[in-house]
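My questions all concern the structure below.
This is a predicted model, so every value here is computed, not measured.
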Amino acid sequence: MKARAPAASARQRGFEFTHALESVSRGIADPAAKLKFIRGSLEKFHGADRAVSLLPLPGVRRFLYRWLSLEGIQPLLTGKGLGGSEPEARGVRHSLLVARAVLAGMTLVTLVAVTGAARQLARPAVVQPAQAGGTLPAVAEALPPLPAGVTPGAIWLVERGNGFEQLSNGLRIETAWSVQGDPRLYHVFDAEAGLVNEVHDRPAGLLFHTTESDIWPLEAGYNEKLRDSSERLLKYLQRNRTYHYLIDRFGRVFRVVEEASKANHAGHSVWESGGTVYLNLNHAFLGVSFESRWGGGQTLPITQAQLVAGRNLTDYLRQRFEIPAGMCVAHGLTSVNPKQHRIGHHMDWSRGFPWAAFGLPDQYAREAPSVALFGFGYDQDFLKVLPEPWDGVRAAEERLAEAARREGRSLEDVRRERQRTYDRWTAEQAQADRKGGEKVDRASVVRPQGAASGG
């Protein structure tokens, strides 16, 4: 008997759908119309994916995803709605008619799958409330995953106007709120040798946050309150130079602090990559915040519009500043209490960040540098929010225990020694940064080879 072809994986189906979505969206010139189309198509993808996954033939799946995307563009089919010319709209109409005609001639199996997909589309999405004592709920709407760790493709500035920048990947940055802060100048550490006597002025990573601000229901009846709360939030962030970027509930991206400046977003924090250690990440990392409340780990109303905008912004910043995937991390994974030598001083994004949808590695599984390098621990207040630390904390604790066994010392002795190293390094960093801020020879500032200065 001939073996039945296996169903496609979620990752494979995500690639197929993303390709179909991109091919259709090229005909939409207006950014607002494009965002509306993407959101509608994503809803159709999530409704139909279960049925389409039953089809073993990649070509059939790709066709169905393209058909779903074309159906999503139907409400925009006027030259004005697409933001382009009437001939362009006619071309999209023709593609939709052809797709419908081909669909009519497909096999019975495909028709059954499409029927199942249509039933799924007709059902309204249901958000399950958090169950007391049960599994923590999903924290963000899903997006098709991207290949992890892949460097983003070419992204360029298409247009700069009064208060905005339009990028080639669909990202629009609102610039009217942007202000300058203190210049970015910072030092790093070698994990073995300590302070590196070089000054850096380019961002080395991205740090994701939630604003923890007031959140109104995302419904038409709350439009005025939604706008007012976002404007008040922007004024506060601008006044305090808090983040470099804010992504509001509607997926709008605001530049708040210029990229050449440091922002006050990270506080006491630790990260490491390739043996280079970063302390207190305000200078070294760009802060990107989603307008939302983390809610103690129980709820996180991040919208699909925010996720699409966040992914496009991440791709743009990674390409522009040559930021590796491993240097994109969540605030909750880096934040520390230096006096008590504990992790999790700030907890936003301590769980639930959509790494796969952003094409980033799962940073929750990575060894926590604050624990492995500096012996930090955690307390019961941390465990009240997260009943179990993320996997990287456990892995780092195992590394500490192995070091203690190898050196024939107690685990507490090793912890205390590494905590003293942290205290010494932060003092050295503060002194070096003060000297660097007073007088720095710009010729000595370290930049990646071939990198252009930001502007």
Side-chain angles (χ1 to χ4, degrees), residues 182-205 207 262-285 287 326-327 329-346 363 366-379 382 389 392-441 444-446:
D182 294 334
R184 174 185 290 104
L185 296 170
Y186 64 96
H187 291 76
V188 300
F189 293 80
D190 181 276
E192 300 294 334
L195 181 70
V196 179
N197 192 26
E198 296 173 337
V199 181
H200 299 256
D201 72 344
R202 287 178 60 81
L207 196 60
K262 72 105 171 175
N264 304 311
H265 62 104
H268 297 290
S269 42
V270 177
W271 197 243
E272 179 271 339
S273 178
T276 300
V277 181
Y278 301 83
L279 301 182
N280 304 335
L281 310 180
N282 284 339
H283 283 270
F285 280 58
M327 290 292 285
V329 65
H331 188 208
L333 300 186
T334 67
S335 178
V336 298
N337 183 325
K339 293 184 178 180
Q340 298 179 331
H341 298 112
R342 290 174 179 166
I343 63 173
H345 183 62
H346 294 282
Q363 302 288 34
R366 180 176 172 181
E367 279 189 3
S370 53
V371 178
L373 297 177
F374 301 120
F376 279 42
Y378 48 88
D379 57 14
F382 178 89
V393 172
R394 295 301 191 201
E397 289 177 326
E398 292 175 5
R399 180 176 168 185
L400 276 179
E402 176 59 31
R405 288 192 296 268
R406 186 174 59 251
E407 298 170 13
R409 304 162 60 194
S410 72
L411 178 58
E412 286 309 308
D413 281 346
V414 173
R415 281 189 183 275
R416 281 194 292 269
E417 180 185 66
R418 298 192 179 195
Q419 289 169 5
R420 286 194 293 270
T421 298
Y422 171 83
D423 295 340
R424 186 175 70 254
W425 282 12
T426 53
E428 291 175 0
Q429 181 192 51
Q431 183 179 11
D433 287 349
R434 280 196 298 271
K435 290 181 179 178
E438 291 168 1
K439 184 176 181 180
V440 60
D441 179 4
S444 69
V445 174
V446 177

Exercise for the section: Grab the two heavy atoms, one from His345 and one from Asn337, that are nearest each other, plus how far apart they are. Expected result: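 Closest approach of His345 to Asn337, heavy atoms only: CB-N, 3.9 Å.
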Problem - Note, Phe376 side chain near Val270 side chain (heavy atom, < 4.5 Å) - result: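 No; the side chains remain at least 4.5 Å from each other.
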Practice task
Could you label the plane-to-plane angle of the Tyr278 and Phe285 rings as parallel, tilted or perpendicular, counting under 30° as parallel and over 60° as perpendicular?
Solution key: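 It falls in the perpendicular class, over 60°.
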Practice task
Nearest 0.5 Å please: distance from the CG atom of Leu373 over to the CH2 atom of Trp425.
Solution key: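 Interatomic distance, Leu373 CG to Trp425 CH2, rounded to 0.5 Å: 7.0 Å.
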Handout entry: Nearest heavy-atom neighbours spanning Pro203 and Tyr186
Key =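 Pro203 and Tyr186 have their closest heavy atoms at C-OH, 4.4 Å.
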Problem - Donor-acceptor pair, side chain of Arg418 and main chain of Ala372, under 3.5 angstrom - result: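 Yes, the answer is positive, given that a donor and an acceptor are paired below the 3.5 Å cut-off.
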Problem - Interatomic distance, His200 atom NE2 to His283 atom NE2 [nearest 0.5 angstrom] - result: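 Interatomic distance, His200 NE2 to His283 NE2, rounded to 0.5 Å: 13.0 Å.
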Practice task
Go through the structure and list residues passing salt bridge (Lys or Arg N to Asp or Glu O under 4.0 Å) with Arg405, not counting sequence neighbours.
Solution key: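 With neighbours one apart ignored, the set is Glu402.
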Exercise for the section: Report the distance from atom CG of Leu281 to atom OG1 of Thr334, rounding to the nearest 0.5 Å. Expected result: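 So the CG of Leu281 and the OG1 of Thr334 are separated by 5.0 Å.
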Practice task
Kindly indicate whether the side chain of His341, heavy atoms from C-beta on, has any atom under 4.5 Å from the side chain of Phe374.
Solution key: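 The answer is no, as the side chains (C-beta and beyond) never meet within the 4.5 Å cut-off.
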Problem - Spacing of Leu279 atom CG and Trp271 atom CH2 [to the nearest 0.5 Å] - result: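 Taking CG in Leu279 and CH2 in Trp271, the distance rounds to 13.5 Å.
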Exercise for the section: State whether Asp423 and Arg420 are salt-bridged, where the test is any N-O pair (Lys NZ or Arg NE/NH1/NH2 against Asp/Glu carboxylate O) under 4.0 Å. Expected result: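 The answer is no: the pair does not qualify as a salt bridge.
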Problem - Minimal non-hydrogen separation, Ser269 against Gly267, with atom names - result: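 Closest approach of Ser269 to Gly267: OG-O, 3.1 Å.
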Problem - Trace of the side-chain contact (heavy atoms from CB on, under 4.5 Å) decision for Val277 with Asp190 - result: CA-CA 6 Å; Val277 181; Asp190 181 276; over 6 Å; no
Problem - Member of Arg416, Arg409, Arg415 meeting the side chain to side chain donor-acceptor pair (under 3.5 Å) criterion with Asp413 - result: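 Testing each of Arg416, Arg409, Arg415 against Asp413, the sole residue satisfying side chain to side chain donor-acceptor pair (under 3.5 Å) is Arg416.
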Handout entry: Heavy-atom donor-acceptor pair, Asn282 side chain to Ala266 backbone, under 3.5 Å
Key =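 Answer holds: yes.
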Exercise for the section: Please tell me if the side chains of Ser273 and Arg366 come closer than 4.5 Å, counting only heavy atoms from C-beta onward. Expected result: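 Side-chain contact under 4.5 Å: yes.
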Handout entry: Residues in salt bridge (Lys or Arg N to Asp or Glu O under 4.0 Å) contact with Asp379, at least two apart in sequence or another chain
Key =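 Listed in chain order: Arg342.
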Exercise for the section: Starting at CD of Gln419, measure out to CZ of Arg424 and round the result to the nearest 0.5 Å. Expected result: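 Between atom CD of Gln419 and atom CZ of Arg424 there are 13.0 Å.
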Practice task
Could you grab the distance from atom CG of Leu400 to atom CD of Glu412, nearest 0.5 Å is fine?
Solution key: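 Leu400 atom CG to Glu412 atom CD measures 10.0 Å (nearest 0.5 Å).
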Practice task
Compare every heavy atom of Val336 with every heavy atom of Ser370, then report the nearest pair and how far apart it is.
Solution key: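 Looking at all heavy atoms of both residues, the shortest contact is CB-CG1, 3.8 Å.
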Exercise for the section: Can you see which heavy atom on Leu195 is nearest to which on Ala432, and at what distance? Expected result: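 Leu195 and Ala432 have their closest heavy atoms at CD2-CB, 4.1 Å.
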Exercise for the section: Measure the shortest side-chain to side-chain distance between His268 and His346 over non-hydrogen atoms and say whether it is less than 4.5 angstrom. Expected result: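 The answer is no; the side chains never approach within 4.5 Å.
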Handout entry: Closest non-hydrogen atom pair between Tyr378 and Ile343, with its separation
Key =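 Scanning both residues completely, I find the closest heavy atoms to be CB-CG1, 3.9 Å.
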